[in-house]
Amino acid sequence: MRLSVASLALAASAALPALAADPVALHCERLFDARSGKVLGEHTIVVEDGRIRSLLPGRAKLPDGTASIVLAGRTCLPGWTDLHVHMGGQSSPQSYSEGFRLDPVDYAYRSVGYAKKTLLAGFTSVRDLGGEVSPHLRDAINQGLVEGPRIFAAGKSIATTGGHADPTNGHNSMLSHLIGPPGPTEGVINSVDDARQAVRQRYKDGSDVIKITATGGVLSYAKSGDAPQFTLEEIRAIVDTAKDYGYSVAAHAHGTEGMKRAVEAGVTSIEHGTHMTDEVMRLMKQHGTWYVPTIYAGRFVAEKAKIDGYFPEIVRPKAARIGAQIQETAGRAYRGGVKIAFGTDQGVGPHGDNAREFVYMVEAGIPAAYALQSATLHAAQVLGLDDQGVIEEGRRADIIALPGDPVADIEAVLGVDFVMKDGVVYRTPERE
Ligand SMILES: [Zn+2]
C-alpha cells in the first residue's frame, strides 16, 4: 500500500523509482535549518529507505539514473509535528448529542479523513491527546491501510469525577444510574491507587503518552473551566507510574493552582496554560516544563461563543473568557523565557488547518523562526525523539516544502504542496 502511494505520487516525473527504497534526490531552493532557525540557500537532500542519506549544499550532481524531484521556488522544512490534536472528532453544535447517538466505529471512519488532511497540510507527526480512536488509527496508518501522520497516542485522557474528560458529565440521573460511575479503566480516578491503575490501564490499551486534565476545561459539560481537579499526590502518582513505562505526561491546564501542581509533580508539558502567572512561568523554567499553547482552539471557541446555540449555555461563558486569553498568554510566556512547542488542539477547530497556529503565534509576538522550531526541533524534544524534527543525515525522511520563505512571511506556511513521510511522497506540486 505504501509503495503504491509512492509510485502514484512520483509517476508525474520522469525516471522516478517504483519503490520508495530507491534513492531520490530532492532539490530544494531553500532549506529551513531547525537548529539555527535560519533559512539557508539551495540544498540537495538524498533520501533512501525512508531515511535521509545525505544533505548536500547546492544542486548536487548525483550518479546517473538517480531520481530527482525539483522543488523550484520552495523552502524545504522538516515535517511538522502538532503536539495536541484529537483525531477522533471535530467539534460542532451537534457534538454533544452525537455522543449519545454515534458508535465508536463512526468516529473511527471520520478520523480517516482527518488524518489525511493533517498529513497533506505538512504534519508528518501528531501527538493525539485524548480519544479512544487514536491508538487504533495509529496502527492502521503504520500498517499502510490509511494515509496519515505518525501518531503518538494518549488513548483516553485521565480525569477525576465530574472533571474535564469525565465521560459521563452532563448525563441525566437515569443514564448515570444505568452506566454507574466511571473508574480508572474509563480514565476517572479519585485516589493515588486509582491514579496508578489508570496509567497501567493506558499501558494495557497501547497508549504512547499519558494525558491528564489538571483543571476544568472549556468544552466539558461542567461549570468551572479552571478549578484544580487533582491533588498534588494524585498527579505525582501518575507521573511516577508513567515513568515506569517510559511515558511522558501532558497536562491540560487553564487555572493557576492546577498548573502549579502539575508542574511541581513533574509533567512534561502544560497544554493551553491560559492563566499562567509569573510564578508559574518561574516554576516551569525551573522544572524544564514545556508549554503547548493551542492558540487556535482558544480563538476558535471564543469566536463560536458569539453564536447563539453553538455551545450549551454552561459552556458558552467559559469559551468566551478562556478562549480569548490564550494568545496573549503565549506571547507573555515567550517573552518570559518559557520553552514553547507547537500544538493546536485540532478536533476543536478543523483538522487540516493546523498550520494557521504559526500565524497566530507570530501575531502573539513569537518570532517566525521560533514558531517553526516549535513544530520541528522542539516537538521532537517533547516526544523524546532524536530521529526526527531536523533535516540531517540518518534522520527519518519526513520532509515538506512550500513556495516562498516562511521566516520572511509566515503566511507561506498555509501553502504546503510537497509532503514526504518516511521517504514516501504523499503530495507533490505536480499533483496539484
Ligand atoms: Zn485537547
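Everything numeric here is computed off the predicted structure, so don't read it as measured data. Numbering of ligands and ligand atoms starts at 1, following listing order. Index from 1, following the sequence.
- By the salt bridge (charged side-chain N to carboxylate O under 4.0 Å, His left out) test, E233 is found to be paired with no residue, residues two or more places apart in sequence or in another chain being considered.
- Contact check on R427 versus E147 returns no salt bridge, with no Lys/Arg side-chain nitrogen under 4.0 Å from an Asp/Glu carboxylate oxygen.
- With sequence neighbours excluded, the residues forming a salt bridge (charged side-chain N to carboxylate O under 4.0 Å, His left out) with R51 are D387, listed by chain and number.
- Both tests pass for R299 against the ring of Y360: distance under 6.0 Å to the centre and angle within 45° of the axis.
- Residue pairs meeting the salt bridge (Lys or Arg N to Asp or Glu O under 4.0 Å) criterion with at least one member in residues 195-204, sequence neighbours excluded: D193-R196.
- Enclosure of atom OH in Y221 is not indicated, since only 12 or fewer non-hydrogen atoms of other residues, nucleotides or ligands lie within 6.0 angstrom.
- The Zn ion (ligand 1) has H84 NE2, H86 NE2, D345 OD1 as its protein N, O or S neighbours under 2.8 Å.
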